[in-house]
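What follows is a short report on a single structure.
Predicted, not measured: the structure shown is a model, and the values here were computed from it.
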Amino acid sequence: MSTRADTTETTTSTTDATSPTDATNTTDAPADSTAAARARRVEELIAAMTPEEKLAQLYGLWAGASADGAEVAPHQHEMEAPPTLDELLPHGLGQLTRPFGTVPVDPALGALSLMRTQERVVAANRFGIPAMAHDECLAGFAAWGATTYPVPLSWGASFDPELVREMAGAIGRDMRSVGLHQGLAPVLDVVRDARWGRVEETIGEDPYLVGTVATAYVQGLESAGIVATLKHFAGYSASRGARNLAPVSMGVRELADVILPPFEMAVRESGVRSVMHAYNDIDGVPCAANEELLTGLLREVWGFEGTVVADYFGVGFLKTLHGVAGDWAEAAVAALGAGVDVELPTVKTFGEPLREAVAAGRLPIGTIDRALRRVLTQKAGLGLLDPEWTPRPTALTGKEVGDTNALRGSVSLDSPAHRDISRRLAERSVILLRNDGTLPLAGGPARIAVIGPQAATPTAVLGCYSFPVHVGAQHPTVPAGVELPTLYEALAAEFPGAEVVSVAGTDVDSGATDGFAEAVRVARDADVVIVALGDRAGLFGRGTSGEGCDAPSMELPGSQRQLLDTLLDAVSGSGTPLVVTLLAGRPYALGPAATRAAAVVQSFFPGQEGTPALARVLSGRVEPSGRLPVSVPRLAGTQPSTYLAAPLARASDVSNIDPTPEFAFGHGLSYTSFTWSELTADASAATDGTVELSFTVRNTGDRAGTEVVQLYLHDPVASVVQPVQRLIGYARLPLAPDERARVAVSVPADLASFTGRAGHRVVEPGALELRLAASSEDVRLTAAVTLTGPVRQVDHTRRLHARFTAARDRDAHLR
């Protein structure tokens, strides 16, 4: 069935999501003729293959993984050592796991190594089928020397799907050029508890923001010919206690209305070709064995036709962690039967255990063929089954591959154009949370003190899936591969006439206080104090943010909060402004600094261009335009809490705990000011109709700036409890000084739908409020609208977007 969205309804333009192959793999044949030939080839292979050859296409091999599992997921030691490449190759091989993302390797030599491995794979199996090669690409291509981009939480902070799409296209082209086929991104998990370590990998706490930004990322990656992978399907971020890989207990409505919409949007609109199952269970059913989720919803309802791949070791976890399989064969049968097509990262259950299960009649061969057809169809679409396919990637075109010394350094994955994209995204994701007028630092202070553990730490801008942290941390003698200026260095460059002094005061998480006295001395001698705080990204407890680095509370790690309070007291009454800057993977409660600091500037691991971007915002060369993709808590112990809260989850007279955030979802200040006025709106619309509204936004300041127009829906009376409000649309609106724009918004009634008591998505008649806002707590204009007519049931074909247009000097579609 066709489930593609009507792109005329989207808030941002879409790109062609088809998947071009390398130039060496194209033919002059018409597309329909090529597709038919590839389909025939797939069926011929399925008919000719032995059971062992069929199974070989359904697993990967991580030949380069370290013996102690330091760079990969935990529990690897519980899996027996995989077979060698030589043992596997006679039957073929479905996937090669992370050829670039396992150890530091020169890009050209990595491309050569992959090419030679593919030559071995093709030569060894009787059908000459290459392996698909995949790698991580969550914050850029996870390879040594590749551009590091801001983490996904910064993508959300930018509220800029177009720029995220551009970034993903650049990442994909680099990956494709060195011989890769699949990228394990983006993450579509919606933040439910910010203590969860993988918050930095998410796009935010709102499903619409997550869906639109993630869909744009997929479109960019797929446009470059790389198979994007939606993860983690589904519910992973809603774990109990915000603990990594913990059970998930949620109701059907939370799953349907919060967790699933981003995946649904991406499947409908992006052209995505792969989905990764989540590690967790939902109410006792592991996602890896959930046929209702992986087949019933994903394929039969949404119409997904690509491959479902296992999260690393996820099939084996059905036995070792979930306890729903008694042996490896039972785990394989459960996963394959539910709809998992490929076991990653390496063969364990889909090899000999599955072969024995098929031979014993525990699984019909037709189930194997179902997964095989999907895998081979994907390979065919990539050109891997074409007679003229070559393993030589475009990065090695025209290069003499016999001379490895000459080859070394000949391929760059960090071009000026890619660094420019990283810079622009870093700048647009910086969020000004508070400002008493101190910022921008006009004219430049004479003496700047940069104090804190993030002041002189090069990797302070990197998330846990960036190569220098994810892999490079295990190779401390190897250079990072990209330039990582510290905040101290960036500020010294931005303010060349100032004396810039830096002290750490403490480290990120040890709790040390012996550097406080020096920090206070330096602060008292400065004209402005910039406090640099935040996280250290890592894996499985080796950091304060990242996979397996879950937090007990929203208190800043270590003694950073104590350092901040000490510095506030030291400069209080002196007239010396104190500016808090945060380079972090999650939001933190800031205590008195949230109201006493001169300014607070938030950045979520902004990548290699992050500190210069932050310095330019502080100086005023760049106008801050980021908005919070997650709420910043007022109290460290109020999690779990998101802005998507029903009235009972908000502050009340019957509880002494007030979960009201310090800074709300969508909040972000500018160096200019805006007024919103002249709202006109339809008073009513049918439950299958559209509401039209318009209003004027004017830049009333003396600087150019960007307002992020946010549209929230408030449903005061519904048949089931609803959040007080939820985001249903947004647009970035750049305006010159004194410029005004008339913004028109077309809002389908479908956006008011929710999962009703019977388990179906419905649009109910009645009163609604459409709130035009600068944040979820800063509503500027409200349109009261009544939906009329019968209750209407909608499905996955419903309209998903409001359409924004703006009239300035001429009509323009908002970006």
Side-chain angles (χ1 to χ4, degrees), residues 1-3 35-36 38-60 91-95 125 127 129 131-132 134 181-182 227 229-230 233-234 263 267 272-277 285-311 314-315 318 325 328-344 347-382 384-385:
M1 72 184 76
S2 173
T3 58
R38 288 173 171 172
R40 286 194 301 271
R41 176 62 173 157
V42 168
E43 296 306 318
E44 291 168 356
L45 287 170
I46 294 172
M49 284 180 166
T50 65
E52 291 80 7
E53 289 168 333
K54 291 179 177 182
L55 292 177
Q57 294 298 315
L58 307 186
Y59 53 69
H91 297 306
L93 184 62
Q95 288 257 359
N125 75 86
F127 300 107
I129 302 173
M132 283 184 63
H134 75 261
H181 308 104
Q182 183 168 357
V227 175
T229 309
L230 307 183
F233 193 59
F263 291 95
V267 168
V272 67
R273 289 179 285 174
S274 191
V275 171
M276 175 181 282
H277 77 70
V285 180
C287 293
N290 192 331
E291 184 175 6
E292 181 180 356
L293 181 71
L294 301 182
T295 297
L297 179 64
L298 180 62
R299 296 190 184 279
E300 295 173 1
V301 175
W302 293 349
F304 177 70
E305 296 180 347
T307 58
V308 173
V309 301
D311 202 345
V315 178
L318 294 175
W328 302 123
E330 192 174 351
V333 168
L336 198 72
V340 177
D341 301 310
V342 180
E343 182 181 25
L344 297 178
V347 58
K348 176 59 185 177
T349 72
F350 276 20
E352 185 62 19
L354 189 55
R355 188 199 66 77
E356 292 176 356
V358 173
R362 296 170 64 181
L363 186 75
I365 194 67
T367 304
I368 302 292
D369 289 348
R370 180 183 70 177
L372 176 62
R373 182 171 286 106
R374 294 167 182 161
V375 168
L376 292 179
T377 297
Q378 194 160 92
K379 288 190 174 185
L382 290 163
L384 300 182
L385 304 185

Open item on the list: Using the rule given for side-chain contact (heavy atoms from CB on, under 4.5 Å), can you reason through L382 versus R273, listing the C-alpha separation, both sets of side-chain angles and the distance that settles it, and then say yes or no?
Closed with: CA-CA 11 Å; L382 290 163; R273 289 179 285 174; 3.9 Å; yes
Open item on the list: Show the nearest heavy-atom pair for residues A56 and G92, with the distance to one decimal.
Closed with: CB-O, 3.3 Å
Open item on the list: Return the CG to NE2 distance between N290 and H277, rounded to the nearest 0.5 Å.
Closed with: 11.0 Å
Open item on the list: Are the side chains of V315 and K348 in contact, using a 4.5 Å heavy-atom criterion?
Closed with: no
Task: Minimum heavy-atom distance V272-F304, with the two atoms named - done: O-CE1, 3.6 Å
- [ ] Give, for atom CG of L58 and atom CG of L93, the distance between the pair rounded to the nearest 0.5 Å.
- [x] 11.0 Å
- [ ] Of all the heavy-atom pairs spanning A234 and C287, show the shortest one and how long it is.
- [x] O-SG, 3.3 Å
Open item on the list: What I'd like to find out is whether the side chain of T377 reaches to under 4.5 Å of the side chain of E305, using heavy atoms alone.
Closed with: no
Open item on the list: I'd like to check E44 versus R41 (side-chain heavy atoms, cut-off strictly below 4.5 Å). Are they in contact?
Closed with: yes
Task: Option among K54, R299, K379, R370 that satisfies the salt bridge (charged side-chain N to carboxylate O under 4.0 Å, His left out) test with D341 - done: R299
Task: Heavy-atom side-chain proximity of L55 to F350 below 4.5 angstrom - done: no
Open item on the list: Tell me whether T307 contacts the main-chain N or O of S274 through its side chain, where contact means a donor paired with an acceptor under 3.5 Å.
Closed with: no
- [ ] List the atom of P353, the atom of A329, and the distance in Å for their closest heavy-atom pair.
- [x] O-CB, 3.5 Å
Open item on the list: I need the E53 CD to I46 CD1 distance, nearest 0.5 Å.
Closed with: 13.0 Å
Task: Single hit among H134, E343, H181, Q57 for side chain to side chain donor-acceptor pair (under 3.5 Å) with Q95 - done: H134
Open item on the list: For V333 versus A357, what's the shortest heavy-atom pair and its separation?
Closed with: CG2-CB, 3.8 Å
Open item on the list: Do L45 and L372 make a side-chain contact, defined as non-hydrogen atoms from C-beta onward lying under 4.5 Å apart?
Closed with: no
- [ ] For atom CD of E292, decide whether the heavy atoms of other residues, nucleotides or ligands shown that lie under 6.0 angstrom number more than 12.
- [x] no
- [ ] Evaluate the side-chain proximity of I365 to I368: yes if any heavy-atom separation is below 4.5 Å, no if none is.
- [x] yes
TODO: Decide yes or no for V285 and L293: does some side-chain heavy atom of the first lie under 4.5 Å from some side-chain heavy atom of the second?
DONE: no
TODO: Enter the distance from L318:CG to W328:CH2 here, rounded to the nearest 0.5 Å.
DONE: 10.0 Å
Open item on the list: Could you check whether any side-chain heavy atom of V309 comes within less than 4.5 Å of a side-chain heavy atom of V340, counting everything from C-beta outward?
Closed with: no
Open item on the list: Nearest 0.5 Å, please: how far is CD in E43 from CG in D369?
Closed with: 9.0 Å
Task: Euclidean distance, H91 NE2 relative to Y59 OH, rounded to 0.5 Å - done: 7.0 Å
- [ ] Please assess R38 against L385 for the test side-chain contact (heavy atoms from CB on, under 4.5 Å), listing each intermediate value before the final yes or no.
- [x] CA-CA 7 Å; R38 288 173 171 172; L385 304 185; over 6 Å; no
